[in-house]
Number of protein chains: 2
Amino acid sequence: MATGRTHRPATRSRGIPEATVARLPLYLRALTALSERSVPTVSSEELAAAAGVNSAKLRKDFSYLGSYGTRGVGYDVEYLVYQISRELGLTQDWPVVIVGIGNLGAALANYGGFASRGFRVAALIDADPAMAGKPVAGIPVQHTDELEKIIDDNGVSIGVIATPAGAAQQVCDRLVAAGVTSILNFAPTVLSVPDGVDVRKVDLSIELQILAFHEQRKAGEEAASEADAVPLAAKEAGKGPDGDVPAVMPA
Amino acid sequence: MATGRTHRPATRSRGIPEATVARLPLYLRALTALSERSVPTVSSEELAAAAGVNSAKLRKDFSYLGSYGTRGVGYDVEYLVYQISRELGLTQDWPVVIVGIGNLGAALANYGGFASRGFRVAALIDADPAMAGKPVAGIPVQHTDELEKIIDDNGVSIGVIATPAGAAQQVCDRLVAAGVTSILNFAPTVLSVPDGVDVRKVDLSIELQILAFHEQRKAGEEAASEADAVPLAAKEAGKGPDGDVPAVMPA
DNA sequence: CCTTGTGAATCCTTTCACAGCG
DNA sequence: CGCTGTGAAAGGATTCACAAGG
């Protein structure tokens with residue numbers, strides 16, 4: 001969805017479509033579950049159901065990786081787990097730093113899904129001096145002043161931004177300057193980065209707004225009121241209780 | 001991305017493309033910022049830059065909503081804010097419940113972006129009896145036993161699941177049975193829901209995995225032609241060539 | 001037989017480029 | 001003029017449906 005702006009036309013090697021890449025982690029998770037239950041093989045139909053997609057799509061996706069299945073039988077679970085992991089770059093482990101240790105940052109630090117998938121939280125960084133030294137998820141928080149040194153010492157190329165919106169671009173710039181080339185942004189802001197740097201964003205309130213759109217549709221399903229003229233009374237001014245708790249701020 | 005499976009072919013009224021719907025919140029945020037700075041009008045070019053998209057796309061998106069701009073001038077900020085809010089269903093407010101008040105649930109409860117956008121956290125629900133009554137973000141946590149009553153009393157139609165993966169489907173089923181028709185799922189599981197219920201998921205580790213994929217590509221970039229301009233300071237965090245190959249190989 | 005792998009058809013999204021209008 | 005609104009072209013992604021192969 002939101003990778004860095006116009007990078008090169010298409011990575012030449014074996015261009016795997018972006019939509020397929022986005023689904024590989026899904027397949028990987030379903031396969032891992034099967035693997036844990038010692039299921040030896042799985043058909044595209046079964047795996048697709050477990051991953052919540054349809055089987056034709058899954059087969060097409062796998063066809064970009066190569067021919068890893070056996071006709072009449074299905075896919076070898078262990079082998080596929082390995083191939084997808086390798087394709088995603090998860091056979092090595094990636095040190096990541098999390099910047100902004102509010103509620104959300106702490107949640108991320110504690111999130112088991114990172115560690116179990118080849119990601120290692122190398123450091124937690126926060127601008128609040130009072131946080132410095134305090135352990136979160138067993139890792140001591142370090143002050144922002146150390147950012148460049150931390151990136152450099154740990155060879156970090158992936159950074160997670162969980163600061164308030166106002167601080168995000170600044171943090172981003174420092175991360176990039178220090179050598180980070182992939183950023184996962186939880187702050188509700190558009191980050192601008194130089195070419196070659198990938199940014200993905202997760203925006204909590206946007207997801208809810210999309211749901212609200214569909215919810216509204218459902219509500220007005222029968223007796224479709226075409227009657228809404230245009231009150232224009234945009235009294236919907238930016239409301240009050242904004243500046244409270246940290247984590248992430250609204251726009 | 002992940003709305004409920006195949007519901008009706010397309011909402012007949014004025015079918016706004018899904019891709020457009022997903023961008024409306026982005027525009028809304030940029031417009032709100034302009035509104036706060038009392039900017040009266042904005043061109044598609046400027047607004048597109050602020051939202052991080054290109055201007056042709058933005059104009060096409062707006063064209064699905066109607067003709068709200070003025071040629072030679074641009075768009076009236078206040079008016080657009082209102083139109084988009086209305087289209088997204090944000091002129092009413094939506095009571096939501098958050099189930100699973102761990103680190104992530106607490107972060108969500110504290111997240112200002114919800115309240116400021118027409119969403120009201122009606123209740124926090126957790127299965128741990130020890131949490132019951134404890135206030136988080138000023139709202140007392142209630143026990144799961146109360147779930148159905150809470151949904152009913154508050155007329156909640158949107159639920160947020162922030163429980164561990166193992167509990168998610170069960171919670172989902174109860175929410176749906178109680179009348180919730182839109183679910184935002186943070187648990188790393190595929191939820192199955194009946195037709196007519198929308199599910200969107202936010203998966204923290206999937207985003208990182210996608211970044212890792214691209215990061216890996218960048219690392220293998222040099223050695224080939226085009227000396228990319230990107231310093232690529234990544235320090236080669238140890239790591240032999242190809243991790244260990246797992247036991248099973250293909251037939 | 002059964003299930004994969006894949007051309008071809010279809011559908012959706014983005015981009016182009018310019019006519020049309022304030 | 002400048003900027004919107006939009007047909008038309010281009011590019012992706014998804015689905016179909018079936019030949020190929022164990």
Side-chain angles (χ1 to χ4, degrees), chain A residues 1-3 5-11 14-24 26-27 31 34 39-77 79-80 83-84 210, chain B residues 1-3 5-11 14-24 26-27 31 39-77 79-80 83-84 210 249-251:
Chain A
M1 208 168 204
T3 38
R5 301 299 106 196
T6 26
H7 21 144
R8 85 211 80 264
T11 324
R14 269 168 308 157
I16 298 179
E18 202 40 47
T20 294
V21 172
R23 279 187 297 267
L24 291 180
L26 230 57
Y27 302 144
L31 284 163
L34 291 172
V39 176
T41 63
V42 66
S43 70
S44 63
E45 202 69 58
E46 294 164 326
L47 183 53
V53 304
N54 85 28
S55 66
K57 195 188 296 190
L58 178 143
R59 287 200 303 278
K60 176 70 83 175
D61 283 342
F62 286 177
S63 79
Y64 293 115
L65 308 185
S67 289
Y68 294 148
T70 307
R71 293 169 199 243
V73 178
Y75 301 91
D76 180 286
V77 172
Y79 185 61
L80 244 197
Q83 290 299 343
I84 295 179
I210 295 171
Chain B
M1 206 174 208
T3 39
R5 299 301 105 196
T6 25
H7 20 144
R8 89 209 77 267
T11 325
R14 272 165 306 161
I16 298 179
E18 201 43 45
T20 294
V21 172
R23 279 187 297 266
L24 291 181
L26 230 56
Y27 301 145
L31 284 164
V39 176
T41 63
V42 66
S43 70
S44 63
E45 201 69 58
E46 294 164 327
L47 183 54
V53 304
N54 84 29
S55 65
K57 196 187 296 187
L58 178 144
R59 287 199 303 278
K60 176 68 82 175
D61 283 342
F62 285 178
S63 79
Y64 293 116
L65 308 185
S67 289
Y68 295 147
T70 308
R71 293 169 198 241
V73 178
Y75 300 91
D76 180 283
V77 172
Y79 186 60
L80 245 196
Q83 289 299 343
I84 295 179
I210 296 171
M249 287 294 281

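Keep in mind the model is a prediction, meaning the values are calculated, not measured. Lettering of chains follows the sequences in order, A, B, ..., and the numbering in each one begins at 1.
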A.B. asks: Round to a whole Å and report the spacing from OH of A/Tyr68 to P of D/dG21.
C.D. replies: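 The answer, rounded to whole Å, is 19 Å.
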A.B. asks: Out of C/dT6, D/dT4, C/dT3, which has the shortest distance to the side chain of A/Ser63?
C.D. replies: C/dT6
A.B. asks: Of all residues at least two apart in sequence or in a different chain, which pass the side chain to side chain donor-acceptor pair (under 3.5 Å) check with B/Thr41?
C.D. replies: none
A.B. asks: What do the steps show when you test B/Leu58 against B/Arg23 for side-chain contact (heavy atoms from CB on, under 4.5 Å), and what is the final call?
C.D. replies: CA-CA 9 Å; B/Leu58 178 144; B/Arg23 279 187 297 266; over 6 Å; no
A.B. asks: Apply side chain to side chain contact (heavy atoms under 4.5 Å, CB included) to A/Ser55 and list each qualifying residue two or more places apart in sequence or on a separate chain.
C.D. replies: A/Ser44, A/Glu45, A/Ala48, A/Arg59
A.B. asks: Measure CZ/A/Arg23 against P/D/dA13 and give the value in whole Å, please.
C.D. replies: 9 Å
A.B. asks: Return the value, rounded to whole Å, for the distance between atom CG of A/Leu65 and atom P of C/dT4.
C.D. replies: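 Taking CG of A/Leu65 and P of C/dT4, I get 15 Å after rounding.
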A.B. asks: Just the atom pairs and distances: protein N or O near nucleotides 15-18 of chain C's N or O, under 3.5 Å.
C.D. replies:
| unit_1 | atom_1 | unit_2 | atom_2 | d |
| --- | --- | --- | --- | --- |
| C/dT15 | OP2 | B/Asn54 | ND2 | 2.9 |

A.B. asks: Applying side chain to side chain contact (heavy atoms under 4.5 Å, CB included), can you list everything that pairs with B/Ala49, at least two apart in sequence or on another chain?
C.D. replies: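 Expected list: none.
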A.B. asks: For A/Tyr75, what residues pass the ring-ring contact (aromatic ring centres under 6.0 Å, His included) criterion, not counting sequence neighbours?
C.D. replies: A/Phe62
A.B. asks: Partners of B/Ser43 by side chain to side chain donor-acceptor pair (under 3.5 Å), sequence neighbours excluded?
C.D. replies: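 B/Glu46.
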A.B. asks: Could you state the CG-C1' distance from A/Asp61 to D/dG12, rounded to the nearest angstrom?
C.D. replies: 13 Å
A.B. asks: Side chain to side chain contact (heavy atoms under 4.5 Å, CB included) with B/Pro40: which residues, sequence neighbours excluded?
C.D. replies: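 If we apply the side chain to side chain contact (heavy atoms under 4.5 Å, CB included) test to B/Pro40, skipping adjacent residues, there are no hits.
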A.B. asks: From OH of B/Tyr64 over to C1' of D/dT6, roughly how many Å is that when rounded to an integer?
C.D. replies: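 Atom OH in B/Tyr64 sits about 10 Å away from atom C1' in D/dT6.
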A.B. asks: Report each atom pair, protein N/O against N/O of nucleotides 20-22 of chain C, whose distance is under 3.5 angstrom.
C.D. replies:
| unit_1 | atom_1 | unit_2 | atom_2 | d |
| --- | --- | --- | --- | --- |
| C/dG20 | N2 | B/Arg71 | NH1 | 3.4 |
| C/dG20 | N3 | B/Arg71 | NH1 | 3.1 |

A.B. asks: Just to confirm, is there a sub-4.0 Å distance from OP1 or OP2 of C/dG5 to any side-chain nitrogen or oxygen of A/Tyr75?
C.D. replies: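 A/Tyr75 to C/dG5 OP1/OP2: side-chain N or O found under 4.0 Å.
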A.B. asks: Round to a whole Å and report the spacing from CD of A/Glu46 to P of C/dC2.
C.D. replies: 14 Å
A.B. asks: Output the distance between atom OH (A/Tyr64) and atom CD1 (A/Ile16), rounded to the nearest 0.5 Å.
C.D. replies: 10.0 Å
A.B. asks: If I take atom CD in residue A/Glu18 and atom P in nucleotide C/dT13, what distance separates them, rounded to the nearest angstrom?
C.D. replies: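 One finds 17 Å between P of C/dT13 and CD of A/Glu18, rounded.
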A.B. asks: Starting at atom CZ of B/Phe62, determine the distance to atom P of D/dT4, rounded to an integer number of angstrom.
C.D. replies: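 Value for this atom pair: 10 Å.
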A.B. asks: To 10°, what angle do the rotation axes through the five end pairs on each side of the helix from C/dC1-D/dG22 to C/dG22-D/dC1 form?
C.D. replies: 10°
